[in-house]
Amino acid sequence: MEKYRDILERAFSAMDNAYAPYSNYHVGACVKTKDGKYFIGANVENASYGLTNCAERNAIFQVYSQGYRKEDVEAIAIVSSGKTLATPCGACRQVLVELLNRDTPIVLSNREREMVTNIEELLPMSFTSDDL
């Protein structure tokens with residue numbers, strides 16, 4: 001996991017910025033682009049729960065806002081303060097299936113455990129623009 005230490009550290013640092021007064025579940029994310037830039041995100045909750053935004057969406061939307069696209073992404077780390085690994089929610093999986101290459105490494109950690117996966121494993125048989 002040493003290969004991903006840089007994005008894991010940044011994701012855990014971003015987790016400290018989470019605004020989670022309702023769930024008290026803090027999540028951080030970090031996307032690394034192939035040119036060595038880092039984009040972080042933290043979950044930001046809202047009293048109207050549907051308006052909450054997850055850490056990984058905050059991070060990946062920044063990547064795209066800066067003009068990068070899926071082929072520019074090297075990896076993404078998603079970390080949490082929870083007892084189990086934080087895997088992306090359904091909405092995040094749908095966003096990531098469109099905004100990442102299918103084999104882009106997705107590194108998950110909660111400080112106790114780490115694993116590397118990708119969106120193909122997290123969302124098999126996904127709905128994409130190919131289905132339209």
Side-chain angles (χ1 to χ4, degrees):
M1 224 29 112
E2 204 53 40
K3 176 180 181 178
Y4 301 111
R5 193 61 42 213
D6 57 341
I7 60 174
L8 284 168
E9 288 176 5
R10 285 172 173 83
F12 277 113
S13 181
M15 186 177 73
D16 293 337
N17 297 329
Y19 177 73
Y22 308 104
S23 71
N24 200 32
Y25 186 72
H26 296 235
V27 181
C30 179
V31 176
K32 182 179 183 181
T33 55
K34 291 178 180 173
D35 65 358
K37 294 209 170 96
Y38 298 91
F39 298 85
I40 62 168
N43 59 316
V44 178
E45 294 181 350
N46 190 281
S48 175
Y49 293 112
L51 299 179
T52 294
N53 204 22
C54 299
E56 53 270 43
R57 279 188 281 154
N58 279 328
I60 196 73
F61 289 162
Q62 286 185 60
V63 170
Y64 271 72
S65 294
Q66 295 299 313
Y68 292 93
R69 294 299 179 255
K70 66 174 75 177
E71 57 275 359
D72 302 312
V73 175
E74 183 176 311
I76 181 172
I78 305 166
V79 302
S80 76
S81 61
K83 295 177 185 174
T84 61
L85 291 177
T87 63
C89 71
C92 288
R93 290 177 195 219
Q94 185 62 41
V95 167
L96 294 177
V97 80
E98 184 159 335
L99 301 184
L100 293 178
N101 282 321
R102 298 232 179 221
D103 61 347
T104 299
I106 299 173
V107 186
L108 307 173
S109 179
N110 66 348
R111 293 203 191 271
E112 303 292 322
R113 186 171 163 232
E114 298 172 341
M115 76 173 285
V116 180
T117 187
N118 60 53
I119 197 59
E120 184 70 28
E121 292 176 351
L122 290 173
L123 190 61
M125 298 179 64
S126 59
F127 180 83
T128 67
S129 60
D130 294 339
D131 298 301
L132 300 176

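Counting from 1, the numbers follow the sequence of the chain as shown.
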Measuring from Lys83:NZ to Glu112:CD, what's the distance to the nearest 0.5 Å? 11.5 Å
Heavy-atom closest pair, residues Ala29 and Ala14: O-CB, 4.0 Å
Looking only at heavy atoms, which two atoms of Ser81 and Met15 are closest? And how far apart? N-SD, 3.5 Å
Give a yes or no on this: more than 12 heavy atoms of other residues, nucleotides or ligands lie within 6.0 Å of atom CD of Glu98. no
Does the side chain of Asn46 pick up a donor-acceptor pair with the side chain of Ser48 at under 3.5 Å? no
How about Glu45 and Pro21: do any of their side-chain heavy atoms sit closer than 4.5 Å? yes
Given Leu85, Leu108, Leu8, Val79, the one that forms side chain to side chain contact (heavy atoms under 4.5 Å, CB included) with Glu114: Leu8
When you check the side-chain N and O atoms of Arg93 and Thr87, is any donor under 3.5 Å from an acceptor? yes
Quick check: do Leu123 and Gln94 have side-chain heavy atoms less than 4.5 Å from each other? yes
How close do Ile119 and Ile106 get, counting heavy atoms only, and between which atoms? N-CD1, 3.5 Å
Taking Val44's backbone N and O only, do any of them form a donor-acceptor pair with Asn53's side chain (distance below 3.5 Å, no angle check)? no
Less than 4.5 Å apart, any side-chain heavy atom of Asp72 and any of Val63? no
Below 4.5 Å, heavy atoms only, C-beta onward: do Val27 and Cys54 meet side chain to side chain? no
In plain terms, say whether Lys3 and Glu74 are close enough for a salt bridge, that is, a side-chain N and a carboxylate O under 4.0 Å apart. no
Output yes when a side-chain donor or acceptor of Asn43 lies under 3.5 Å from a complementary backbone atom of Ala20, and no otherwise. no
If we only count heavy atoms from C-beta on, is the Tyr68 to Val73 side-chain gap below 4.5 Å? no
Let me confirm one number: the NZ-CG distance from Lys70 to Leu99, rounded to the nearest 0.5 Å. 7.5 Å
Sidechain-backbone polar pair: Gln62 side chain, Phe39 backbone, donor-acceptor under 3.5 Å: no
Quick check for you: to the nearest 0.5 Å, what is the distance between Asp6 atom CG and Cys30 atom SG? 7.0 Å
Any donor-acceptor pair under 3.5 Å linking the side chain of Arg69 with the backbone of Tyr64? yes
Could you grab the distance from atom OG1 of Thr104 to atom NZ of Lys32, nearest 0.5 Å is fine? 13.5 Å
Do Met115 and Ile76 share a hydrophobic cluster (ILVMFWY, side-chain heavy atoms under 4.5 Å, transitive)? yes
Distance in Å, Glu9 CD paired with Tyr4 OH, rounded so as to fall on 0.5 Å steps: 15.5 Å
To check you understand the geometry: which heavy-atom pair defines the closest contact between Asn110 and Arg113, and what is its length? OD1-N, 2.9 Å
Nearest heavy-atom neighbours spanning Asp35 and Thr33: OD1-OG1, 2.5 Å
To the closest 0.5 Å, what do you measure between CD1 (Ile7) and CD1 (Ile78)? 9.5 Å
Is Pro88 close to Leu122 at the side-chain level, that is, under 4.5 Å between some pair of heavy atoms? yes
Exercise: identify the closest heavy-atom pair between Arg10 and Ile40: O-CG2, 4.0 Å
Within a strict 4.5 Å, meaning less than it, do heavy atoms of the Leu132 and Phe127 side chains meet? yes
